[in-house]
Amino acid sequence: HVQLVESGGVSVQAGGSLRLSCKVSGRKLNEPGMGWYRQAPGNECEWVSTINNDGKTYYANSVKGRFTISRDSAKNTVYLQMNSLKFEDTGLYYCAAGDPANVWGQGTQVTVS
């Protein structure tokens, strides 16, 4: 039984930084497809970033160069470091597992003003 619990979402000013965490249970981090998605009010859920079992990372063009996905196997946690935040980064951020994603966390809210 896989469970994902996100944390770290807060309100922040544009230009600031945040680190989101996703605590994973019931699944090894080196299995394929750990990623982050986000949904802004009135918009569809969009993919943000993925880290694969081989450690390779992928990013949406809108966040490339500003966001960094990483994992800590000892803590069974996946992170999303977000720098140079923009207003359009506001949204509910979800951690997801699987390729395609089939297990989702409850989300953590990021608000950039």
Side-chain angles (χ1 to χ4, degrees):
H1 178 60
V2 180
Q3 283 191 313
L4 310 175
V5 179
E6 303 96 332
S7 62
V10 294
S11 295
V12 65
Q13 289 190 337
S17 297
L18 280 179
R19 189 177 77 161
L20 304 183
S21 300
C22 173
K23 179 69 174 178
V24 182
S25 59
R27 186 183 196 269
K28 294 181 180 180
L29 292 190
N30 60 359
E31 294 180 37
M34 287 299 308
W36 288 93
Y37 294 74
R38 67 186 180 188
Q39 186 168 21
N43 290 358
E44 293 186 354
C45 188
E46 65 170 344
W47 170 74
V48 174
S49 180
T50 294
I51 183 165
N52 270 346
N53 53 324
D54 56 4
K56 289 185 178 179
T57 58
Y58 304 89
Y59 301 93
N61 287 336
S62 58
V63 307
K64 199 173 295 182
R66 300 187 298 120
F67 290 11
T68 303
I69 190 171
S70 62
R71 64 190 181 196
D72 184 334
S73 297
K75 296 181 178 180
N76 232 44
T77 300
V78 177
Y79 302 100
L80 185 68
Q81 177 68 43
M82 306 187 295
N83 299 328
S84 302
L85 283 161
K86 304 176 181 180
F87 174 77
E88 50 265 39
D89 294 320
T90 294
L92 191 59
Y93 281 70
Y94 296 94
C95 178
D99 185 15
N102 54 20
V103 181
W104 297 78
Q106 82 289 350
T108 186
Q109 178 68 38
V110 173
T111 303
V112 184
S113 59

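Here, residue 1 is the first one in the sequence, and each next residue gets the next number. Below, each value reflects all heavy atoms present in this structure, side chains not excepted, and no hydrogens, waters or symmetry copies.
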Assigning hydrophobic clusters by single linkage (Ile, Leu, Val, Met, Phe, Trp, Tyr; side-chain heavy-atom cutoff under 4.5 Å), is [X] placed with [Y]?
{"X": "V110", "Y": "V10", "result": "yes"}
{"X": "Y58", "Y": "F67", "result": "no"}
{"X": "I51", "Y": "V2", "result": "yes"}

Minimum heavy-atom separation for [X] to [Y], with atom names?
{"X": "S21", "Y": "T77", "answer": "CB-CG2, 4.1 Å"}
{"X": "Q39", "Y": "N43", "answer": "NE2-O, 3.0 Å"}
{"X": "L18", "Y": "V12", "answer": "CD1-CG1, 4.1 Å"}
{"X": "Q106", "Y": "L92", "answer": "O-CD2, 4.5 Å"}
{"X": "S84", "Y": "S17", "answer": "N-OG, 4.3 Å"}
{"X": "Q81", "Y": "R19", "answer": "OE1-CB, 3.5 Å"}

Main chain of [Y], side chain of [X]: is a donor-acceptor contact present, judged purely on distance under 3.5 Å?
{"X": "E6", "Y": "G107", "value": "yes"}
{"X": "N76", "Y": "R27", "value": "yes"}
{"X": "K23", "Y": "K75", "value": "yes"}

Do W104 and Y37 have ring centroids that are under 6.0 Å from one another?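 Close enough - the centres of the two rings lie under 6.0 Å apart.
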First locate atom [atom1] of [X], then atom [atom2] of [Y], and finally report the distance between them rounded to the nearest 0.5 Å.
{"X": "S49", "Y": "Y79", "atom1": "OG", "atom2": "OH", "value": "15.0 Å"}
{"X": "R38", "Y": "T90", "atom1": "CZ", "atom2": "OG1", "value": "9.0 Å"}
{"X": "T108", "Y": "Y94", "atom1": "OG1", "atom2": "OH", "value": "10.5 Å"}
{"X": "R71", "Y": "T57", "atom1": "CZ", "atom2": "OG1", "value": "10.0 Å"}
{"X": "M34", "Y": "N52", "atom1": "CE", "atom2": "CG", "value": "11.0 Å"}

Side chains of V112 and M82: closer than 4.5 Å at any heavy-atom pair?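 Side-chain contact under 4.5 Å: no.
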pair Y59-R66: side-chain heavy atoms closer than 4.5 Å: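 Y59 vs R66: side chains apart.
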Sort out for me which residue in L4, L20, I69, D72 forms a side-chain contact (heavy atoms from CB on, under 4.5 Å) with V78.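 Only one option passes, and that is I69.
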